[in-house]
Amino acid sequence: DGLDADVRKLTDKRSKVLGESYRLFYRKPVHLVRGKGQYLWDAAGDKYLDVYNNVASIGHCHPAVIDAVYQQMTQLNTHTRYLHEAILDYSEQLLATAPVEIDRAMYMCTGSEANDLAIRVARAYSGGTGIIVTQESYHGTSDLTSGVSPALGSGQPLAATTRLVLPPDRYRVDAPDLGAWFAGEIQKQIDDMAAHGIKFAGFLADSIFSSDGVLPGPKGFLKQAIDVVHKNGGIFIADEVQPGFARTGEAFWGFARHDVVPDVITTGKPMGNGIPVSGLLAKSDVLAAFSDEIPYFNTFGGNPVAMAAAQAVLKVIKEEGLQEHSRVVGAKLLAELSILKDKYECVGDVRGAGLFIGFELVKDKASKTPDKQLALDVTEMLRENHVLTSVAGPYGNVLKLRPPLAFQESDIDWLVGALDKSLAALGR
Ligand code: PMP
């Protein structure tokens, strides 16, 4: 099968000792041993360009995070039922990045836990149960969140109270006003819930629709949809696990591109640069209906070490100007990728916000028929050229380009060159 002995040994062992639900990337899995900034190294010492990771969001092994975590580990790490300054100082700073109406913070360890709590909050506040999500979205691993995660496929049943809307895909949806169209789709599903005796609780969405194929859409188009959500007594939960923490360049939070105020914000991945920390930010009046009735305790959530990591991440984003960096370098990368779109018939669409870009592969520009096989083959060939990324979208034909924010203008040539080479060999 062409696998190196080292890789074969690890894949064999995995299949003996790990649960069988796990999926590795690549026909020839990568065995990584080290990371720095936007680069990774495998066991053979080969260097890779990471174009996929928003977990090591400010860069792999960032010294500020290592130092903050190490220092705190030498002092104290415990559960969260004692007084500690770090959780309070961090909350003040994090809330200052959100709209003024959002004035409360809670902490967990994963995005799934944040979304799970958000759904419970939506239900307590609205008195309803119905949750609307987009067709290919992913929101987590728990029973509640997997029940609103169609991306998990047909083996995972959705909750009876879940309704799906088509994603706001400007490339594929033929509507003169994308915002009005999307708002209409949401209203239709709220009406369908009502027809089935389900009261609407909320709309849960990642504002860059990452699993739906990376769909930043025009700035502001979400506003009409959120108005419909509120008019029908539901809340808007902005799942910022993907677009948050300066990723989109134009704003610190993804939803802020749309000039909307969520009722609840959930976050995870990029928050601690790899240290498990996630959060839920909310309007206090929305949270009250839940908090008045039900206690919440999360053993590790917001512990002193998690807060030290999160604090360091926030500081680095500000001090290194990473939001502006993401905007500027993201725009340059998008421009270079758009040249490939003009060069190849099989590149249907290139879109993005900051360092979060979707590169859509099709049979031909006129038919827009998704080319999943080509996307898979290109991903494999990129891997051979030591560029790591993966695919997204309902047809699996969109390359998801989302490097650590440490990605530099000087890395563009490596990525675009490898992509050009792959398309020349495999595409049309
Ligand atoms: N929401 C979104 C949009 C995600 O992409 C993910 C993870 N891929 C989650 C929630 C779940 O986060 P976690 O894996 O930390 O539970």
Side-chain angles (χ1 to χ4, degrees), residues 19 21-25 50 52-57 106-122 131-153 156 158-159 162 164-165 167-168 202-217 222 236-245 247-248 253-255 257 262 264-281 298-302 306 309-310 313 353 355-358 389-394 396 398 400-404:
S21 302
Y22 295 114
R23 305 282 186 274
L24 285 169
F25 280 162
D50 182 358
Y52 193 69
N53 243 295
N54 71 331
V55 175
S57 179
M106 296 176 77
Y107 299 100
M108 310 82 207
C109 311
T110 63
S112 301
E113 287 169 277
N115 283 329
D116 191 280
L117 179 60
I119 292 169
R120 295 169 71 197
V121 167
I131 301 289
I132 295 177
V133 294
T134 47
Q135 187 185 230
E136 195 64 21
S137 61
Y138 179 74
H139 297 290
T141 53
S142 70
D143 192 25
L144 270 183
T145 53
S146 57
V148 294
S149 294
L152 289 170
Q156 167 62 54
L158 295 174
T162 300
L164 305 182
V165 284
F203 171 52
L204 168 59
D206 145 19
S207 63
I208 200 154
F209 302 93
S210 169
S211 303
D212 289 288
V214 190
L215 311 167
L222 265 186
F236 170 40
I237 303 162
D239 179 340
E240 290 283 335
V241 168
Q242 297 273 350
F245 286 82
R247 171 63 51 184
T248 64
W253 298 106
F255 65 79
R257 289 179 64 243
V264 172
I265 301 169
T266 56
T267 179
K269 286 190 208 283
M271 195 173 175
N273 214 50
I275 294 291
V277 53
S278 71
L280 177 145
L281 306 181
N298 191 307
T299 299
F300 301 111
V313 168
L355 282 168
F356 206 153
I357 294 174
T389 191
S390 189
V391 294
V398 180
K400 182 151 120 183
L401 307 175
R402 183 195 50 186

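Values below: every heavy atom of this structure, side chains too, minus hydrogens, waters and symmetry copies. Predicted model, so just to flag it, every value in this text is computed and none were measured. Just follow the structure's listing: the first ligand is 1, and inside any ligand the first atom is 1.
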If you measure every N or O of Glu113 against every N or O of ligand 1, does any of those distances drop under 3.5 Å? no

Aromatic ring proximity, centroids under 6.0 angstrom, Tyr52 and Phe25: yes

Numbering as shown, the atoms of ligand 1 that approach Thr110 to under 4.0 Å (heavy-atom distance): 15 (O), 16 (O)

Checking side-chain polar atoms at under 3.5 Å, does Thr134 have a donor or acceptor matched by the opposite partner on Asp212? yes

Would you mind checking which non-hydrogen protein atom is closest to atom 5 (O) of ligand 1, with the distance to 0.1 Å? Gln242 NE2, 2.7 Å

Trp253 vs Phe245 aromatic rings, parallel, tilted or perpendicular, using cut-offs 30° and 60°? perpendicular

Please work out whether any backbone atom (N, CA, C, O) or any side-chain heavy atom from C-beta onward of Lys269 is under 4.0 Å from ligand 1, and answer side chain, backbone, both or neither. side chain

Return yes or no for this condition: an N or O of His139 is under 3.5 Å from an N or O of ligand 1. no

Residue Ser112 vicinity, atoms of ligand 1 by number, heavy atom under 4.0 Å: 11 (C), 12 (O), 13 (P), 16 (O)

Going by side chain to side chain contact (heavy atoms under 4.5 Å, CB included), Lys269 matches just one of Glu240, Arg247, Gln242. Which one? Gln242

Please check whether Asp239 reaches ligand 1 - meaning an N/O of the residue sits under 3.5 Å from an N/O of the ligand, judged on distance alone. yes

Is it true that a side-chain atom of Thr266 and a backbone atom of Asn115 form a donor plus acceptor pair closer than 3.5 Å? no

Main-chain N/O of Gly217 paired to Arg257 side chain as donor or acceptor, under 3.5 Å: yes

Side chain, backbone, both or neither: Asn115 near ligand 1, heavy atoms under 4.0 Å: side chain

Nearest neighbour in protein (non-hydrogen) for atom 15 (O) of ligand 1: Gly111 N, 2.9 Å

Has the side chain of Ser278 got a donor or acceptor atom that lies under 3.5 Å from a matching backbone atom of Thr110? yes

Please determine if Val241 has a nitrogen or oxygen closer than 3.5 Å to a nitrogen or oxygen of ligand 1. no

